[in-house]
A.B. asks: 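The structure under discussion is supplied below as structure tokens; questions concerning it will follow.
Numbers restart at 1 for each chain; the letters A, B, ... are given by sequence-line order, proteins then strands.
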Amino acid sequence: MIALIDGNNFYVSCERVFRPSLNDRPVVVLSNNDGCAIARSNEAKALGIAMGAPWFQIRHLRDSAGLVALSANFELYGDMSDRMMTLAAGLGHRQEIYSIDESFIDLTGIRGDLAERAHKIRSRILRWVGIPTCIGIAPTKTLAKLANHIAKAAERKPGSYPAELAQVCHWGQLPSNTREALLAATQVREIWGLGPKLTAQLNHIRIHTALDLARLSPSVARARWSVLLEKTIHELNGTSCISLQDTALDKQEIACTRSFGHPVTDRRELEEALAEFASRAAEKLRRQGSHVNQVMAFIRTSPFRKNDAQYSAYRIQPLMEPTDDTTRIIRAALEVLKAIYRPGFNYSKAGVMLMDLQPAATKHLTLNLDDELPAPNPELMLTLDRVNDRYGRGKIKLGAALAGEKKRNWTMKQERRTPAYTTDWHSLAVASR
DNA sequence: TCTGGGGTCCTAGGACCC
DNA sequence: TCTGGGGTCCTAGGACCC
């Protein structure tokens with residue numbers, strides 16, 4: 001059996017731990033730039049706020065419905081996630097951390113009543129970390145996701161599901177007619193791995209529910225669509241095809257991309273933004289212990305500004321030799337900008353991606369293949385990372401990423417950010433007497 | 001006025017080989 | 001009129017995830 005445990009409305013729940021006054025109120029957490037809602041409390045969902053709803057479209061609910069909006073505070077969420085995951089691991093012997101708020105846990109070899117055990121872990125996480133969770137238990141990952149989905153729905157809408165399914169749903173314990181009824185009540189779109197495109201195509205051949213899909217021939221699914229859909233069908237029928245991945249693999253690519261707080265036209269400003277993104281990406285690269293062979297950079301206008309002329313371009317810059325040196329990575333990103341920049345556009349977004357990564361250890365000899373480049377400087381990079389780890393991100397930067405005299409239109413808007421309660425001494429909550 | 005960011009996997013098709 | 005067959009590797013783009 002496999003369990004899927006995840007935090008309910010995770011970002012909102014993290015904020016509520018430190019601001020209990022947000023309980024029972026409609027709350028959303030906004031994406032970078034305060035652009036759109038990326039987490040919603042149950043009360044906010046009840047107001048009809050969709051995932052990804054632009055803030056300017058729902059802002060009126062502040063006055064009419066008491067909606068509270070907060071800027072995303074990823075430092076806080078990451079730390080709360082670590083605490084939650086550590087306790088969740090107690091469910092079984094192996095854990096796959098699937099996202100910031102979800103993990104799969106292998107329950108093989110665990111004796112006793114699994115649902116009871118899940119309830120215990122759940123209340124421990126609630127008590128010690130303050131995050132409410134739901135748990136699905138099933139023989140495959142796809143069914144565990146589905147069971148988790150049911151556990152949440154049963155908690156949120158008590159009338160429409162059997163009460164014992166709320167919070168913890170143990171698929172394996174359900175009678176087969178109940179399982180069938182639940183599959184029939186689940187829309188195809190809600191199944192893990194089925195997005196809008198596949199859903200539309202399946203609906204077209206009159207497959208609407210999880211039960212319909214479970215009855216589709218796997219080989220037909222493979223021939224007409226792909227091996228992914230074939231696996232999903234097997235998984236819905238209880239045959240495990242997607243294994244637990246309990247050791248985190250190195251990233252195959254590393255990206256840093258941002259939308260700008262205001263439109264940017266100036267080339268100098270784009271240079272500054274790309275240099276900053278390249279630096280951030282290089283830090284992630286060194287933390288993973290990898291070297292990069294190709295640097296991709298892009299700039300684009302906003303497709304939402306219908307009256308603006310549109311332009312979007314990217315290019316991949318191969319490096320002379322694999323490196324983790326910020327200076328070289330910035331240089332490559334700026335080479336790309338030189339090639340793709342066109343004046344006269346309102347740029348709204350840019351980014352740097354590091355592709356074709358390899359472990360740093362496999363590089364045996366260093367050739368200085370390009371005389372014009374300064375030699376890589378590992379000591380400088382080490383110092384840079386140490387200082388920034390200790391005193392906060394971006395305290396020291398290389399010249400290209402420094403602000404010019406101009407105002408920085410490209411920086412993010414974050415007007416409603418809460419403090420980093422758990423990772424910054426100066427932001428600790430104070431208990432007053 | 002105002003619409004996120006960071007990933008993975010699969011497939012089709014082209015280049016190239018003998 | 002009619003112009004092989006089979007294989008590998010790589011890449012761009014699509015679809016999906018949270």
A.B. asks: Side chain of A/Lys349 only, heavy atoms from C-beta on: which candidate in B/dG5, B/dT3, C/dC17 is closest?
C.D. replies: B/dG5
A.B. asks: Any idea which of C/dC17, B/dG4, B/dT3 is nearest the A/Ser31 side chain?
C.D. replies: B/dG4
A.B. asks: Taking the C1' atom in each of B/dC16 and C/dG4, what is the distance between them to the nearest angstrom?
C.D. replies: 16 Å
A.B. asks: Taking ring-ring contact (aromatic ring centres under 6.0 Å, His included) as the definition, give me every residue that meets it alongside A/Tyr421, ordered by chain and number, with sequence neighbours left out.
C.D. replies: A/Phe18
A.B. asks: What integer distance in Å separates A/Met412:CE from B/dG5:C1'?
C.D. replies: 10 Å
A.B. asks: How long is the line joining CD of A/Gln201 and C1' of C/dA15, in whole Å?
C.D. replies: 10 Å
A.B. asks: Salt-bridge test for A/Glu271 and A/Arg267: reply yes if a basic N is under 4.0 Å from a carboxylate O, no otherwise.
C.D. replies: yes
A.B. asks: Measure NZ/A/Lys152 against C1'/C/dC18 and give the value in whole Å, please.
C.D. replies: 11 Å
A.B. asks: Indicate, with a heavy-atom threshold strictly under 4.0 Å, whether A/Leu198 touches base, sugar-phosphate, or nothing.
C.D. replies: sugar-phosphate
A.B. asks: Which residue, A/Lys413 or A/Trp225, contacts DNA chain B at a nucleotide closer to its 5' end, judged by nearest heavy atom?
C.D. replies: A/Lys413
A.B. asks: Strictly below 4.0 Å: does A/Tyr314 bring a side-chain N or O up to OP1 or OP2 of C/dG13?
C.D. replies: yes
A.B. asks: Describe the nucleic acid contact of A/Pro196 in one word from base, sugar-phosphate, nothing, applying a heavy-atom distance below 4.0 Å.
C.D. replies: sugar-phosphate
A.B. asks: Counting any heavy atom closer than 4.0 Å, what does A/Ile191 reach on the DNA or RNA strands: base, sugar-phosphate only, or nothing?
C.D. replies: sugar-phosphate
A.B. asks: Counting heavy atoms from C-beta on, name the nucleotide in C/dC17, B/dC10, B/dC2 closest to the side chain of A/Tyr98.
C.D. replies: C/dC17
A.B. asks: Between C/dC16 atom C1' and A/Lys141 atom NZ, what is the distance in whole Å?
C.D. replies: 15 Å
A.B. asks: Should we count CZ of A/Arg206 as having more than 12 external heavy atoms under 6.0 Å?
C.D. replies: no
A.B. asks: What is the nucleic acid contact for A/Asp34, judged by heavy atoms within less than 4.0 Å: base, sugar-phosphate only, or nothing?
C.D. replies: nothing
A.B. asks: Can you figure out which of C/dC18, B/dG7, B/dC2 approaches the side chain of A/Trp192 most closely?
C.D. replies: C/dC18
A.B. asks: In whole angstrom, give the distance that lies between atom OH of A/Tyr77 and atom C1' of B/dG5.
C.D. replies: 14 Å
A.B. asks: Could you please spell out the steps behind the side chain to side chain contact (heavy atoms under 4.5 Å, CB included) verdict for A/Leu87 and A/Ile121?
C.D. replies: CA-CA 7 Å; A/Leu87 293 180; A/Ile121 293 280; 5.5 Å; no
A.B. asks: Among C/dC18, B/dC2, C/dA12, which nucleotide has an atom closest to any side-chain atom of A/Ser99?
C.D. replies: C/dC18
A.B. asks: Heavy atoms under 4.0 Å, any strand shown: does A/Asn32 hit a base, just sugar-phosphate, or nothing?
C.D. replies: sugar-phosphate
A.B. asks: May I ask you to say what A/Ile100 touches in the nucleic acid, namely base, sugar-phosphate or nothing, with a heavy-atom cut-off under 4.0 Å?
C.D. replies: nothing
A.B. asks: Rounding to an integer number of Å, can you tell me how far A/Arg59 CZ sits from B/dT3 C1'?
C.D. replies: 12 Å
A.B. asks: In the strands shown, is C/dC17 matched to any nucleotide by a Watson-Crick or G-U wobble pair with both distances under 3.5 Å, and which?
C.D. replies: B/dG6
A.B. asks: Could you check how far CH2 of A/Trp410 sits from C1' of B/dG5, rounded to whole Å?
C.D. replies: 15 Å
A.B. asks: Relative to the 5' end of DNA chain B, which residue comes earlier, A/Arg222 or A/Ser348, by the nucleotide with the nearest heavy atom?
C.D. replies: A/Ser348
A.B. asks: Side chain of A/Ile38: nearest nucleotide among C/dC18, C/dA12, B/dG4?
C.D. replies: B/dG4
A.B. asks: To the nearest Å, how far apart are A/Asn8 CG and C/dC18 P?
C.D. replies: 15 Å
A.B. asks: If I take atom CG from residue A/Leu183 and atom CG from residue A/Asp212, how far apart are they, to the nearest 0.5 angstrom?
C.D. replies: 10.0 Å
A.B. asks: Side chain of A/Cys36: nearest nucleotide among B/dT11, B/dG4, B/dG6?
C.D. replies: B/dG4
A.B. asks: Is A/Arg305 touching bases, backbone alone, or none of the nucleic acid, heavy atoms closer than 4.0 Å?
C.D. replies: sugar-phosphate
A.B. asks: Listed in order of residue number, which residues of residues 241-263 of chain A have a non-hydrogen atom at under 4.0 Å from DNA chain B?
C.D. replies: A/Lys251, A/Gln252, A/Glu253, A/Ile254, A/Ala255, A/Cys256, A/Thr257, A/Arg258, A/Ser259
A.B. asks: CD of A/Gln201 to CG of A/Leu194: how many Å apart, nearest 0.5 Å?
C.D. replies: 10.5 Å
A.B. asks: Taking the basic N atoms (NZ, or NE/NH1/NH2) and the acidic carboxylate oxygens, is any pair closer than 4.0 Å for A/Arg315 and A/Glu335?
C.D. replies: no
A.B. asks: Base, sugar-phosphate, or nothing for A/Phe74, non-hydrogen atoms under 4.0 angstrom?
C.D. replies: nothing
A.B. asks: From A/Glu75 CD over to A/Thr418 OG1, what is the distance, rounded to the nearest 0.5 angstrom?
C.D. replies: 10.5 Å
A.B. asks: List in chain and number order the residues that pass ring-ring contact (aromatic ring centres under 6.0 Å, His included) with A/Phe345, two or more places apart in sequence or in another chain; answer none if no residue qualifies.
C.D. replies: A/Tyr311
